[in-house]
Structure formats: structure tokens, C-alpha cells
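All residue numbers in this chain count up from 1 along the given sequence. What you see is a predicted model; the values in this text were computed from it and never measured. Read the numbers this way: they start at 1 and go in the same order the structure lists the ligands and their atoms.
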Amino acid sequence: MVNPATEEVIDEYLSTDASSVDAALRNAALGQREWASLRLSDRRDGLRAIADMVTEHIDELASLESLDVGKPISRARNEIASVAQAFHYYSGMVDKICGSTIPVDGGIDMTFREPLGVVAVIAPWNFPLAVASWNAAAALAAGNAVVVKPAEDTPLSTRRFAELMATQNLPEHLVQVVLGPGPTVGEMLTSHPLVRKISFTGSTKTGKAVMRSAADTMKRLTLELGGKSASIIFADSDLERAIAEAPMGVFDNTGQDCCARSRILVERTVFTDFVDGFIAATAELRIGAPADEMTELGPLASRLHHERVQAFLDPVEGAVVAGEIPDGPGFWMAPHIVIEPDRRSAIVNEEVFGPVAVVLPFDDEEDAIELANSTIYGLSGSIWTSNLGRALRVAQRVESGTLSVNSNTSVRLQTPFGGFKESGFGRELGMAAIDGYTELKNVFIAT
Ligand code: NDP
């Protein structure tokens with residue numbers, strides 16, 4: 001692994017080989033049986049203990065995340081705090097996962113929600129431990145065991161989490177980590193018969209490959225894939241606040257966020273005011289060393305990813321570069337703002353996953369909705385307006401799994417998160433995630 005801020009090698013590791021992956025899955029199956037048979041209160045306390053363990057090690061885990069991904073340390077700390085919060089949240093759900101009774105003729109009918117068995121979580125490099133553990137916490141609450149594969153570039157926090165888990169008084173092998181590249185080690189998970197479900201976060205292209213590989217063994221899937229989310233800013237919004245919040249709405253995590261509002265659509269009458277304000281506000285973001293508490297934007301996560309983002313920018317003319325990057329090594333890139341590009345261009349329609357925003361004017365509500373829905377994606381987005389009727393009218397017609405009104409946030413532990421169209425399917429977080437980690441069984445009793 002390489003520190004993206006300095007290009008220094010941080011660590012090396014060996015990939016988990018096929019027989020070790022197989023052993024991990026067999027052991028996980030044993031651990032799952034023990035876990036599912038524990039008293040409910042013991043499972044609840046087990047998840048609470050994991051939350052406490054993460055809180056005790058928050059600085060260490062945040063430092064590893066910051067070092068590995070190039071994340072500003074303050075952001076990394078918030079993410080690790082969300083890991084602890086997810087385990088707390090799902091600990092309270094252990095004894096609330098229930099079926100129903102259904103009126104039928106000739107007897108009594110009831111449903112049960114049962115654990116699936118072994119769940120594999122294939123995690124991305126942009127939010128490594130956060131995404132892995134939001135999924136793991138829900139899967140464990142439902143009585144499953146979990147095997148996590150972090151992205152090969154960013155395994156440090158997840159590897160340390162697994163070491164800490166081994167010190168907990170929980171069934172052995174309940175949560176395990178396998179290391180190595182997606183096309184080999186990831187594929188072992190997506191094709192292995194013992195894995196009952198894959199929770200995958202990553203690109204739409206790889207999501208399709210995961211689906212194909214999982215088809216042979218009919219695995220359950222949650223796919224949280226790419227996005228090209230729109231922030232729709234109407235002239236009747238609080239423009240000052242929309243401008244103030246727009247930079248972090250797209251450039252947070254250096255734009256490496258599936259929910260980034262990378263298409264900013266602005267009503268034509270306030271377009272120039274918005275663009276001027278947005279450029280000025282973006283130029284004030286503090287770009288710098290991830291370990292500095294004041295830093296708001298770090299580098300991109302890897303050299304390969306820097307090259308990918310640059311390739312999107314190469315054909316673009318006239319992008320405004322707002323802010324300055326540090327001198328010296330590192331995969332740095334300042335925020336780029338592309339004003340009124342061709343609506344059909346790649347920069348408008350494809351996921352760049354870097355510090356690049358396009359700003360486009362629209363004429364009326366109908367035009368805004370058509371533009372918002374014009375990509376293959378449908379993950380998240382925002383609507384900025386002071387008209388409640390318009391907010392709801394537009395929200396009902398934007399094809400997206402998660403929308404915010406007068407806000408640029410998408411992810412809350414308590415609410416379902418996931419995509420429409422090629423942004424994937426299934427829902428993470430909230431109570432909805434539990435449905436994806438259980439089978440629904442129906443039992444009829446003749447009376
Ligand atoms: P991928 O989708 O390829 O990687 C995501 C995860 O899947 C990683 O753990 C990766 O492992 C694993 N993986 C890769 N190939 C396979 C496979 N055949 N079977 C099973 N698992 C596999 O993303 P990239 O890192 O290549 O990033 C490319 C683009 O994807 C980005 O530019 C961005 O647009 C998008 N992306 C979206 C994310 C999101 O949050 N929705 C997150 C990450 C990327 P490994 O890295 O070890 O090979």
C-alpha cells in the first residue's frame with residue numbers, strides 16, 4: 001500500500017490463497033451456527049461490545065484510514081465514529097426482527113425472518129471500514145456470520161478491526177477478513193457455494209461482474225454502485241446557503257463519494273450568481289496534509305485513480321480550477337468546476353469520482369427533472385427550494401433512491417440507502433437492511 005499524500009510505501013501483505021478463503025468460509029459457517037443459537041441478550045451485548053471496542057480505538061483506526069486513503073483526519077474520525085454508532089444501532093435490533101401472522105382459511109399462518117448464513121461484504125476503497133461495518137453490523141444483528149474483503153489498496157483499518165475482533169468474547173470466526181485483489185479473491189467469494197449473500201459496494205461495471213458470478217449459486221445481492229447525483233437549485237431557494245454547502249456536497253472526500261452532487265443544476269435566472277459564489281466558496285476549501293486537523297480535502301486515493309480522473313478532464317476545455325494543491329509528491333488534484341458543458345458529454349453523464357463538478361442551467365421544473373434523470377444512475381441527489389409543494393413534486397419524479405431537500409447529505413444510519421437504475425439494488429442501513437440479511441419463511445398450521 002502507498003500513502004497517497006506522500007507516495008511512500010506504507011506496508012505490504014500477501015493475498016489470502018484459495019484454500020485459506022475456503023477455510024475462512026467453512027469456519028464462518030461454524031461461527032454463524034453458534035452465534036445464531038446464542039441468547040438474544042448475548043447477541044445484543046456482543047454487538048454493543050464491538051461498538052465499545054471501536055470507540056476505544058477510534059484514534060488508531062482513524063489514523064490508519066487517513067494514512068491509507070489520504071482522508072483528512074477529522075473526516076476519518078467521523079467515519080470511524082459511525083462504525084461504532086452502526087454497531088450500537090443494530091445491537092438494538094437483535095430482538096426486534098420478527099415475522100407476522102396472516103389470516104387464512106383452515107388454520108394459522110405465520111412468517112419468520114431467519115438468518116441467511118455466511119455473508120460476504122466486498123468493500124470499496126473510498127470509505128473502507130465504514131461501508132464494511134455498516135453492512136457487517138446489520139448482517140450480524142440478523143444472526144449471520146461475515147467475511148469481509150477490503151479493496152486491495154486500502155485494507156489497513158479492516159485488517160486491524162479483524163485483529164481487535166479476535167480479542168472479543170464472541171464465537172470464533174464470526175467476522176473474518178480475506179485480503180487480495182477483487183478479480184481473484186473477490187471472485188472466490190462471489191462464486192463460493194457457502195456464501196449466501198454478497199453485499200458489494202463499488203463500480204457499476206464490477207457490480208455487473210459480481211452479479212454474473214453470483215448467479216450460478218443464486219446468491220442474494222445488495223449492490224451499491226456508482227452515481228452521478230444532481231443537486232437541483234431553484235431560484236426560490238436560500239441561494240446563500242445552497243452556495244455555502246455546495247462545495248462539500250461535491251468535493252468532500254475529494255469527490256470520491258458515490259453520493260457526490262457532481263451535477264449541479266441551477267435555474268437560469270440565478271445561474272451566474274450561483275456560479276460566482278460557488279467558485280469563490282470552493283477556493284476557500286483547505287487542501288493539505290491529511291494528518292492536519294484543519295484539512296478539508298486530501299489527495300486522491302491512488303495513482304491509478306488520479307490517472308482515471310485526469311483522463312476525464314483532458315478533453316474538457318475551460319474548467320475553472322479552484323484552490324491550490326501542495327507542492328511535492330502525492331496524488332493531489334484541486335477542485336475543477338466545468339461550467340455549462342455539452343449536456344451529452346462524458347463529463348456530464350459518467351461517474352468521475354474525483355473533485356470535478358459540472359454546473360448546468362435549466363429553464364423550468366420539467367427541464368430540471370429531465371436533466372436530473374438523464375443518466376444511467378439513480379443513487380442520490382438534492383432539491384433546493386423554499387416551495388414545499390415543488391420539493392415534493394420534484395422528489396416524486398426524480399429517479400433516485402435517496403433525496404434530500406435543502407441539504408446535501410444522503411447517509412443516515414437509521415434510513416434506507418441504495419440506488420435506482422444502474423446505481424444498484426437492495427438497501428443498506430436502517431431497518432430495511434435487515435430484510436436483505438434474512439430469508440422470509442412461511443409456516444402454515446392446519447387447525
Ligand atoms: P471496483 O468496483 O472494481 O472495486 C470495488 C471492490 O470490488 C473492491 O474491493 C475490489 O477489489 C472489488 N472487486 C473488483 N473486481 C472484483 C470482482 N471481479 N469480483 C469481486 N470483487 C471485485 O472499483 P475500482 O476500485 O476499480 O474503482 C473504479 C470506479 O468505481 C471508480 O472510479 C468509481 O467510479 C467507482 N467506485 C464506486 C464506489 C461507490 O462507492 N459506489 C466505490 C469505489 C469505486 P480490489 O480493489 O481489491 O481489486
| query | To which protein heavy atom is atom 41 (N) of ligand 1 closest, and what is the distance rounded to 0.1 Å? | reply | L225 O, 3.0 Å
| Looking at atom 25 (O) of ligand 1, what's its closest protein heavy atom, distance included? | W125 NE1, 2.6 Å
| message | Quick check on Q256 - does any of its heavy atoms sit under 4.0 Å from an atom of ligand 1? | response | no
| request: Measure the distance from atom 39 (C) of ligand 1 to every protein heavy atom, then report the residue, atom name and distance (to 0.1 Å) of the closest one. | output: C258 CB, 3.6 Å
| remark: Heavy-atom proximity to atom 29 (C) of ligand 1 ranks first, among G226, A120, A151, S203, for S203
| message | Closer than 3.5 angstrom, by distance alone: can the side chain of N349 be matched with the main-chain N or O of S345 as a donor-acceptor pair? | response | yes
| remark: Looking only at protein heavy atoms, what sits closest to atom 18 (N) of ligand 1 is P183 CA, 3.8 Å
| task | Walk me through it: do V178 and K149 pass the test side chain to side chain contact (heavy atoms under 4.5 Å, CB included)? | result | CA-CA 5 Å; V178 295; K149 192 206 87 65; 4.1 Å; yes
| message | Apply side chain to side chain contact (heavy atoms under 4.5 Å, CB included) to residues E293 and I73 and explain how you reach the verdict. | response | CA-CA 6 Å; E293 291 287 346; I73 186 69; 3.9 Å; yes
| Which residue supplies the protein heavy atom nearest to atom 8 (C) of ligand 1, what is that atom called, and how far is it? | A123 O, 3.4 Å
| query | Out of G186, G354, G202, whose heavy atom sits nearest atom 20 (C) of ligand 1? | reply | G186
| field | Part of F200 with heavy atoms under 4.0 Å of ligand 1, whether side chain, backbone, both or neither | value | side chain
| message | Using modelled atom types and a 3.5 Å cut-off, is there a donor and acceptor pairing between side-chain atoms of N373 and backbone atoms of R397? | response | yes
| task | Please report the C-alpha distance between V119 and N135 in whole Å, then the side-chain angles of each, then the deciding distance to 0.1 Å, and finally whether the side chain to side chain contact (heavy atoms under 4.5 Å, CB included) criterion is met. | result | CA-CA 9 Å; V119 170; N135 283 291; over 6 Å; no
| request: Taking T16 for its side chain and V21 for its backbone only, find out whether a donor-acceptor pair lies under 3.5 Å. | output: no
| field | Residue, atom name and distance, where the atom is the protein heavy atom closest to atom 31 (C) of ligand 1 | value | F353 CD2, 3.9 Å
| field | Contact atoms of ligand 1, heavy-atom distance to K149 under 4.0 Å | value | 9 (O), 11 (O), 45 (P), 47 (O)
| field | Test item, G180 contacting ligand 1 (heavy atom, 4.0 angstrom) | value | yes
| Going by the order shown, which atoms of ligand 1 are within less than 4.0 Å of some heavy atom of P124? | 42 (C), 43 (C)
| Which residue, F362, F274, F271, forms the ring-ring contact (aromatic ring centres under 6.0 Å, His included) with F234? | F362
| Polar side-chain atom of S404 near backbone of T409 as donor-acceptor pair, under 3.5 Å | yes
| request: Only heavy atoms count here, so choose which of H305, R308, E351 is nearest to atom 27 (O) of ligand 1. | output: R308
| Short question: side chain of R263, backbone of A372 - any donor-acceptor pair under 3.5 Å? | yes
| request: Would you mind running through ligand 1 and noting each atom that sits below 4.0 Å from a heavy atom of I122? | output: 6 (C), 7 (O), 9 (O), 12 (C), 20 (C), 21 (N)
| message | Is the shortest side-chain heavy-atom distance between M248 and L297 below 4.5 Å? | response | yes
| request: Considering heavy atoms of the protein only, find what lies nearest to atom 40 (O) of ligand 1 and give residue, atom and distance to 0.1 Å. | output: N126 ND2, 3.3 Å
| said: Is the contact between S213 and ligand 1 made by the side chain, the backbone, both, or neither, using heavy atoms and a 4.0 Å cut-off? | reply: neither
| query | Which ligand 1 atoms, with their elements, are less than 4.0 angstrom from a heavy-atom of E152? | reply | 45 (P), 46 (O), 47 (O)
| task | Could you tell me which atoms of ligand 1, counted from 1 in the order shown, lie closer than 4.0 angstrom to a heavy atom of E224? | result | 41 (N)
| task | With atom 22 (C) of ligand 1 as the reference point, say which of G182, G255, S302 has the nearest heavy atom. | result | G182
| query | Can you tell me if K219 uses its side chain to pair, donor with acceptor, with the backbone of H192 under 3.5 Å? | reply | yes
| query | Of the options S229, S231, S380, which is the one that meets R261 in a side-chain hydrogen bond (donor to acceptor under 3.5 Å, both in side chains)? | reply | S380
| request: Answer side chain, backbone, both or neither: which part of L189 comes under 4.0 Å from ligand 1, heavy atoms only. | output: neither
| request: With heavy atoms of P181 as the reference, note each atom of ligand 1 found under 4.0 Å away. | output: 47 (O), 48 (O)
| Is the backbone N or O of Y377 less than 3.5 Å from a side-chain atom of T375, with the two atoms forming a donor-acceptor pair by type? | yes
| query | So, K205 and S203: side-chain donor and acceptor under 3.5 Å apart, yes or no? | reply | no
| said: Can you report which non-hydrogen protein atom sits closest to atom 15 (N) of ligand 1, along with the distance? | reply: T206 CG2, 3.3 Å
